[in-house]
Amino acid sequence: MKPDSGRHVKFMQLALQQAATALEQGEFPVGCIIVCKDRVVSDGHRVNTASSIGGECDHAEIVALRRLGGSPAVFDPADLTVYVTLEPCLMCFGAILIHGIRKIVYAYEDVMGGGTGCALGPLPPLYQGELEIIKGVLRSQSLKLFKEFFAGSENAYLQNTLLCRHVLEQV
């Protein structure tokens, strides 16, 4: 990890607390923290996992971006970092980029829907620019929450998917 890995661990621990809250509420255990100059300015966790309509729009990153509030003048997007316990999907990755945020730190890879590996070059200018992605910060702690979720018989969300199998195969 980079020299600022202690800071990344500190903020990922807060994202993991959000994920644990989601799990306690029966939601898919993803948590997100948005940081500006070493200060948490927004947070969120997955909601409406079991909702059949619209639930897929309530990812932790989207919740945190909505809570960020204020006008673009309040925060310089160059000063913002998104910490999330699961690699952002395409929807969340796009929303992060549209907000002008160019630094993402995540814990666990999303082998089924992760969007951070997309080539930005062919996309319209809104999505392009320098991007820093740091992977695997507190990965094992995030994995533990996903294992607990998928092991619960009451949780039908994403059962028997590539992500579920990948999580449960991890040692």
Side-chain angles (χ1 to χ4, degrees), residues 1 5 8-9 11-35 42-68 81-99 101-123 127 131-171:
M1 256 190 270
S5 63
H8 294 324
V9 166
F11 290 120
M12 189 59 74
Q13 287 171 332
L14 296 175
L16 284 162
Q17 288 174 5
Q18 287 289 318
T21 298
L23 183 62
E24 289 167 11
Q25 295 173 358
E27 301 285 355
F28 192 54
V30 180
C32 181
I33 298 291
I34 301 177
V35 173
S42 188
D43 60 18
H45 60 77
R46 183 69 157 89
V47 293
N48 296 322
T49 299
S51 176
S52 60
I53 299 177
E56 283 304 327
C57 294
D58 295 325
H59 290 196
E61 301 94 324
I62 301 300
V63 172
L65 287 167
R66 285 181 183 144
R67 288 183 180 165
L68 188 58
T81 303
V82 171
Y83 289 85
V84 64
T85 60
L86 181 67
E87 177 184 3
C89 69
L90 283 174
M91 174 183 69
C92 295
F93 186 52
I96 291 165
L97 295 177
I98 287 170
H99 276 79
I101 301 169
R102 293 297 190 250
K103 188 168 187 177
I104 301 168
V105 180
Y106 69 83
Y108 193 76
E109 68 280 358
D110 184 349
V111 297
M112 187 172 81
T116 64
C118 292
L120 301 180
L123 297 177
Y127 300 95
L131 186 61
E132 182 177 2
I133 298 174
I134 299 169
K135 309 170 185 182
V137 176
L138 299 182
R139 181 185 184 275
S140 62
Q141 289 89 328
S142 187
L143 172 62
K144 182 180 176 199
L145 293 172
F146 291 120
K147 281 188 170 198
E148 187 176 339
F149 178 84
F150 286 126
S153 59
E154 69 282 359
N155 298 319
Y157 183 72
L158 295 179
Q159 286 293 337
N160 301 315
T161 63
L162 175 60
L163 179 61
C164 176
R165 289 189 303 276
H166 180 72
V167 164
L168 295 176
E169 290 169 357
Q170 301 295 304
V171 193

Please confirm whether the backbone N or O of Met112 pairs with a side-chain atom of Asp110, one donor and one acceptor, at under 3.5 Å? yes

SB check Arg46 Glu56 (cutoff 4.0 Å): yes

What is the ring orientation for Phe28 with Phe149, classed by angle as parallel under 30°, tilted 30 to 60°, or perpendicular over 60°? perpendicular

Please answer whether the main-chain N or O of His166 pairs with a side-chain N or O of Gln170 as donor and acceptor at a distance below 3.5 Å. yes

Would you say the side chain of Phe11 lies within less than 4.5 Å of the side chain of Thr81, judging by non-hydrogen atoms? no

Under 4.5 Å between any side-chain heavy atoms of Gln17 and His45, yes or no? no

Taking the side chain as every heavy atom from C-beta outward, state whether Val30 and Phe146 have any atom pair closer than 4.5 Å. yes

Counting C-beta onward and ignoring hydrogens, is there a side-chain heavy-atom pair between Leu131 and Leu120 closer than 4.5 Å? yes

List the steps, then state whether side-chain contact (heavy atoms from CB on, under 4.5 Å) holds for Cys118 with Leu90. CA-CA 8 Å; Cys118 292; Leu90 283 174; 3.2 Å; yes

Taking Glu87 for the side chain and Thr116 for the main chain, is one N or O donor matched with an acceptor at less than 3.5 Å? yes

Looking only at heavy atoms, which two atoms of Ala19 and Pro29 are closest? And how far apart? CB-O, 3.4 Å

Quick one: OG1 on Thr85 to OH on Tyr106, what's the gap to the nearest 0.5 Å? 12.0 Å

With rounding to the nearest 0.5 Å, note down the distance linking CG in Asn160 to CZ in Arg165. 7.5 Å

With heavy-atom distances below 4.5 Å as the criterion, would you say the side chains of Cys89 and His59 are in contact? yes

Nearest heavy-atom pair of Val111 and Leu162: which atoms, and what distance? O-CD2, 3.6 Å

Smallest heavy-atom separation, Leu158 atom then Cys164 atom, equals O-CB, 3.4 Å

One should read off an interatomic distance between Ile34 CD1 and Ile104 CD1, to the nearest 0.5 angstrom, of 10.5 Å

Drop me the distance from Gln18's CD to Leu23's CG, to the nearest 0.5 angstrom. 13.0 Å

Please report the interatomic distance CD1(Ile96) to CD(Glu61), rounded to the nearest 0.5 Å. 5.5 Å

Working to the nearest 0.5 angstrom, can you tell me the gap between Leu97 CG and Arg102 CZ? 4.5 Å

Sidechain-backbone polar pair: Gln159 side chain, Phe150 backbone, donor-acceptor under 3.5 Å: yes

Would you mind reporting whether Asp58 and Glu27 have side-chain heavy atoms less than 4.5 Å apart? no

Validation row: Val63, Val47 side chains within 4.5 angstrom (heavy atoms): yes

What are the two closest non-hydrogen atoms of Ala64 and Ser42, and how far apart are they? O-OG, 2.5 Å

How about Gln141 and Met12: do any of their side-chain heavy atoms sit closer than 4.5 Å? no

Start with the C-alpha distance between Ile101 and Leu65, add both sets of side-chain angles, then the distance that settles side-chain contact (heavy atoms from CB on, under 4.5 Å), and finish with yes or no. CA-CA 10 Å; Ile101 301 169; Leu65 287 167; 3.9 Å; yes

Nearest atoms (heavy-atom pairs only) where Ser142 meets Ala107: CB-CB, 3.7 Å

Using a cut-off of 6.0 Å, state whether more than 12 heavy atoms not belonging to Lys103 lie near its atom NZ. yes

